[in-house]
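The chain is numbered in sequence order, starting from 1.
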Amino acid sequence: MPIENQTCKMRIRSIYGTFSTKEKRLADYILNYPEKMIHGTISQIAAETELAESTVFRFCKRIGYKGFQAMKIALASEQTEEFPDIHEHISAEDDEKAVLKKVFQSNIKTLEDTLTVLDETAFKKAVSALLDSDRIELFGFGGSNVIALDGYHKFVRTGLPVSTQIDAHMQMMSASQLTAGATAILISHTGQSKDILELLETLQHNQVTTIGVTSFTQSPLSRKVDIPLYTLSEETDYRSEALASRIAQLSLLDALYVNLMMQLEEKGTHSLKKVREAIQNRRI
């Protein structure tokens, strides 16, 4: 999605990982105290965040606004449209049902925000690349490997050649054997881990088509892959942003799978039937 169509908070969250320490201080202030931003002057905000007025102004420009006043207007319009953020804070007084509701609300917002920022053109390119591939492989390290495994669990039903590896060394070895005609899906919340970027270099050297799934639009991964796909989430009490983003990553891979099955038509249906029959035979 073009930056002009993103809300102020979305712009901040999508490139938060690229901010300097001072920029993160201001970003946190805006996200946590939007009302103070809306009603304050640039001098007041600079004083409260212990930053120079020029730093505040440059930050506004960096996230795509002409200046401080333009950002305030955008932020104010967002506040009037938003529903109460009941998911943001979990207190010691909350019972189990309240916590359950807030976690679900957080996940719902993550999905809604991701759907808003997702580039439809890039998504269509990803579907086409996967359909045209002679091999698909999913990569991810740490928590992202869980997402890659779930993606494999979905895509294997399509009948397309697909694989993934758990061990980091095995992932690098597998990447080294892929060739032009293959498509790799690289999953990384930050998009800046050393492992995933080294793996990307290997894939690019082999002329493999690369799809990146990350939460940061300005990350090294999103800038270097052929097709970047973004998820959006925010950190909440007891859950890091990386944990919250997983529900969006899982849903994104699910959407790719459903699109593949629809376009594969009879071939996909036949493959799915074979998988179901094999699983059925394992049941008592």
message: Counting C-beta onward and ignoring hydrogens, is there a side-chain heavy-atom pair between R13 and L31 closer than 4.5 Å?
response: yes
- prompt: Measuring from L186:CG to I196:CD1, what's the distance to the nearest 0.5 Å?
  reply: 4.5 Å
query: Taking only residues two or more places apart in sequence or in another chain, which ones pass side-chain contact (heavy atoms from CB on, under 4.5 Å) with T190?
result: S188, Q192, F216
message: When you group the ILVMFWY residues by side-chain heavy-atom contacts below 4.5 Å and let the links chain together, are V146 and L250 in the same group?
response: no
query: If every non-hydrogen atom of E137 is compared with every non-hydrogen atom of T164, which pair is closest and at what distance?
result: OE2-CA, 4.1 Å
message: Are the side chains of L131 and L264 in contact, using a 4.5 Å heavy-atom criterion?
response: yes
- prompt: Could you give the distance from CG (L221) to NE2 (H189), rounded to the nearest 0.5 Å?
  reply: 12.5 Å
- prompt: Closest heavy-atom contact between G67 and F57?
  reply: CA-CE1, 3.7 Å
Where A182 and S133 come nearest, the two heavy atoms and their spacing: C-OG, 4.2 Å
field: Heavy-atom pair with the smallest gap, counting every atom of L111 and S251
entry: CD2-OG, 3.3 Å
field: side-chain contact (heavy atoms from CB on, under 4.5 Å) between F59 and L51, worked out
entry: CA-CA 11 Å; F59 180 88; L51 297 170; over 6 Å; no
- prompt: Is L100 atom CG crowded by more than 12 heavy atoms from other residues, nucleotides or ligands, each under 6.0 Å away?
  reply: yes
Between R25 and T55, a side-chain donor and acceptor under 3.5 Å: no
message: Between D119 and Y230, is there a side-chain heavy-atom distance shorter than 4.5 Å?
response: no
- prompt: With side chains defined as the heavy atoms from C-beta onward, is the minimum distance between D28 and Y16 less than 4.5 Å?
  reply: yes
side-chain hydrogen bond (donor to acceptor under 3.5 Å, both in side chains) evaluation trace for S163 with R135: CA-CA 8 Å; S163 62; R135 184 172 185 81; 2.9 Å; yes
message: Using 0.5 Å steps for rounding, measure from the CE atom of M37 to the CD atom of Q44.
response: 11.0 Å
task: Please assess L149 against H153 for the test side-chain contact (heavy atoms from CB on, under 4.5 Å), listing each intermediate value before the final yes or no.
output: CA-CA 6 Å; L149 285 168; H153 185 256; over 6 Å; no
task: State, to 0.1 Å, how close M173 and S176 come at their nearest heavy-atom pair, and which atoms those are.
output: O-OG, 2.5 Å
message: Let me check something: do L260 and V213 share a hydrophobic cluster, defined by ILVMFWY side-chain heavy atoms less than 4.5 Å apart, either directly or through other members?
response: yes
Smallest separation among heavy atoms of A184 and V208, with atom names: N-CG1, 3.9 Å
- request: Decide yes or no on side-chain contact (heavy atoms from CB on, under 4.5 Å) for L256 and F155, but give the supporting numbers first.
  value: CA-CA 9 Å; L256 287 171; F155 291 169; 4.0 Å; yes
field: Check against side-chain hydrogen bond (donor to acceptor under 3.5 Å, both in side chains), T210 and D226
entry: CA-CA 5 Å; T210 54; D226 298 310; 3.2 Å; yes
- request: Could you tell me whether the side chain of N145 and the main chain of Q165 form a donor-acceptor pair under 3.5 Å?
  value: yes
field: Heavy-atom check, side chain of L253 versus side chain of Q249, under 4.5 Å
entry: no
- request: Count the heavy atoms belonging to other residues, nucleotides or ligands that lie under 6.0 Å from NZ of K24, then report whether that count exceeds 12.
  value: yes
task: State whether the side chain of K72 and the backbone N or O of G40 hold a donor-acceptor pair below 3.5 Å, judged by distance alone.
output: yes
- request: Kindly say whether L26 contributes a backbone atom to a donor-acceptor pair with the side chain of T49 at under 3.5 angstrom?
  value: no
- request: Measure the spacing between CD1 of I38 and CD of E35 and express it to the nearest 0.5 Å.
  value: 4.5 Å
query: Where the side chain of S106 meets the backbone of K102, is there a donor-acceptor pair that is under 3.5 Å apart?
result: no
- prompt: Does the side chain of I63 reach to within under 4.5 Å of the side chain of F19, using non-hydrogen atoms?
  reply: yes
message: Side-chain heavy atoms nearer than 4.5 Å, only ILVMFWY residues, links allowed to pass through others: does that put V162 and L199 together?
response: no
- prompt: Can N107 and V103 be said to form a side-chain contact (heavy atoms from CB on, under 4.5 Å), step by step?
  reply: CA-CA 6 Å; N107 288 341; V103 170; 4.1 Å; yes
- prompt: Is there a donor-acceptor pair under 3.5 Å between the side chain of D94 and the backbone N or O of V99?
  reply: no
Nearest-0.5 Å distance, CG of residue L115 to OG1 of residue T110: 12.5 Å
field: Beyond-backbone contact of E53 with F68, side-chain heavy atoms, under 4.5 angstrom
entry: no
field: Common cluster, M262/L252, ILVMFWY with side-chain heavy-atom separation under 4.5 Å
entry: yes
task: Report whether I247 and F123 are members of the same hydrophobic cluster (ILVMFWY, side-chain heavy atoms less than 4.5 Å apart, transitive linking).
output: no
- line: Between the NZ atom in K125 and the CG atom in L130, the distance rounded to the nearest 0.5 Å is 14.0 Å
task: Look only at the side chain of S174 and the backbone of M170, and say whether a donor-acceptor pair between them is shorter than 3.5 Å.
output: no
query: Ignoring hydrogens and geometry, is there a side-chain-to-backbone donor-acceptor pair from D95 to K97 under 3.5 Å?
result: yes
message: Counting C-beta onward and ignoring hydrogens, is there a side-chain heavy-atom pair between S271 and T158 closer than 4.5 Å?
response: no
- prompt: With a cut-off of 6.0 Å (strictly less than), are more than 12 heavy atoms of other residues, nucleotides or ligands near NZ of K154?
  reply: yes
task: Decide if atom CZ of R223 counts as having more than 12 heavy atoms of other residues, nucleotides or ligands within a radius under 6.0 Å.
output: yes
Within 6.0 angstrom of E277 CD, more than 12 heavy atoms from elsewhere: yes
